[in-house]
Amino acid sequence: DSGVTQTPKHLITATGQRVTLRCSPRSGDLSVYWYQQSLDQGLQFLIQYYNGEERAKGNILERFSAQQFPDLHSELNLSSLELGDSALYFCASSVALGAKETQYFGPGTRLLVL
Amino acid sequence: GIQVEQSPPDLILQEGANSTLRCNFSDSVNNLQWFHQNPWGQLINLFYIPSGTKQNGRLSATTVATERYSLLYISSSQTTDSGVYFCAGSDRGSTLGRLYFGRGTQLTVWP
């Protein structure tokens, strides 16, 4: 158990819908990262938050948004869902900004868009 | 640019065999990490190894940063070692922890 929790574990929804994925980092970790894993793109970084502020953006679509709350949990919002958004979404956390740190990954949320 | 390449893409072993997985990375990558993704999808951090050698049980890793490669050794493999092994690194020019992943090595260990 990494100490990072994600809910829900599985999500099945329809095209055009909106979903929210939730992540709680390890106790004491200030950075939260979101990654997407798909068969064609592999594991790709989406976005990083540090202590409530966005610090880095990767290949995140405009239909996707995220935030980190004062209690440091984070939510990833995916809207106007398309079939191609089906993927495994991971949250990870690290103690500080992360460059020289181990990242700990949650169990992931498996999203299926039908 | 930032590149992380792994080989081989697939590896099939019998239980008890040893294996070596390789990760080559570009000059703009550092802070190498190795992960194991088990058949249930969980990503587990095995090593944070920017340079040098580390060992944890039957697993060990070596990173030669000056030559831009890292190796993961699995000895006396077990069926529970099956899954995908990823290496990942961060941007040498950044203080942030964004990880760039390789495509992984799919390891299958048969009893």
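Remember, it's a predicted structure, so these values are computed and weren't measured experimentally. By convention in this document, chain letters (A, B, ...) are assigned in the order of the sequence lines, proteins followed by strands, and residues within each chain are numbered from 1.
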Exercise for the section: Treating Ile, Leu, Val, Met, Phe, Trp and Tyr as nodes and any side-chain heavy-atom pair under 4.5 angstrom as an edge, say whether A:Leu30 and A:Val32 lie in one connected cluster. Expected result: no
Handout entry: same_hphob_cluster(A:Tyr33, B:Phe101) at 4.5 Å side-chain heavy-atom cutoff
Key = yes
Practice task
Give the member of A:Gln48, A:Glu101, A:Arg55, A:Gln103 that has the highest number of heavy-atom pairs under 4.5 Å with chain B.
Solution key: A:Gln103
Practice task
Report, as yes or no, whether the 6.0 Å neighbourhood of atom CG on A:Leu114 holds more than 12 heavy atoms from other residues, nucleotides or ligands.
Solution key: yes
Fill in the blank from the handout: Bottom line for A:Lys9: the part with an atom under 4.5 Å from chain B's heavy atoms is neither
Handout entry: Criterion ring-ring contact (aromatic ring centres under 6.0 Å, His included) on B:Tyr100 and A:Phe45, from CA distance to verdict
Key = CA-CA 7 Å; B:Tyr100 296 84; A:Phe45 169 81; 7.8 Å; no
Practice task
Answer yes if B:Val84 and B:Ile44 sit in the same cluster of Ile, Leu, Val, Met, Phe, Trp and Tyr residues linked by side chain heavy atoms under 4.5 Å apart, and no otherwise.
Solution key: no
Exercise for the section: Give the cluster check for B:Leu21 versus B:Tyr73: same hydrophobic cluster or not, with ILVMFWY residues linked at side-chain heavy-atom distances below 4.5 Å. Expected result: no
Practice task
Taking all non-hydrogen atoms of both residues into account, name the closest pair between A:Gln37 and B:Phe86 and its distance.
Solution key: NE2-CZ, 3.6 Å
Handout entry: Spacing of CG belonging to B:Leu96 relative to OG belonging to A:Ser94, to within rounding of 0.5 Å
Key = 9.5 Å
Practice task
Could you look at B:Arg98 and say if it's the side chain, the backbone, both or neither that has a heavy atom under 4.5 Å from chain A?
Solution key: both
Fill in the blank from the handout: Okay, A:Leu39 and chain B: the region with an atom under 4.5 Å from a heavy atom over there is backbone
Exercise for the section: Quick one: closest heavy-atom pair of B:Tyr48 and A:Lys100, and the distance? Expected result: OH-CA, 3.2 Å
Fill in the blank from the handout: Among A:Tyr50, A:Tyr35, A:Tyr104, the residue with the most heavy-atom pairs under 4.5 Å to chain B is A:Tyr35
Problem - Nearest heavy atoms of A:Leu43 and B:Leu43, plus distance in Å - result: CD1-CD1, 4.0 Å
Fill in the blank from the handout: Honestly, the part of A:Thr102 sitting under 4.5 Å from a heavy atom of chain B is both
Exercise for the section: Report whether B:Phe35 and B:Val4 are members of the same hydrophobic cluster (ILVMFWY, side-chain heavy atoms less than 4.5 Å apart, transitive linking). Expected result: no
Handout entry: chain A contact via B:Ser90 - which portion, at a heavy-atom distance below 4.5 Å
Key = side chain
Problem - Contacting region of A:Leu88 [heavy-atom separation from chain B under 4.5 Å] - result: side chain
Exercise for the section: Would you mind checking which part of A:Gln6 comes under 4.5 Å of any heavy atom in chain B, side chain (CB onward), backbone (N, CA, C, O), both or neither? Expected result: neither
Problem - Stepwise side chain to side chain contact (heavy atoms under 4.5 Å, CB included) check, B:Gln37 with A:Phe90 - result: CA-CA 12 Å; B:Gln37 186 169 34; A:Phe90 286 105; 3.5 Å; yes
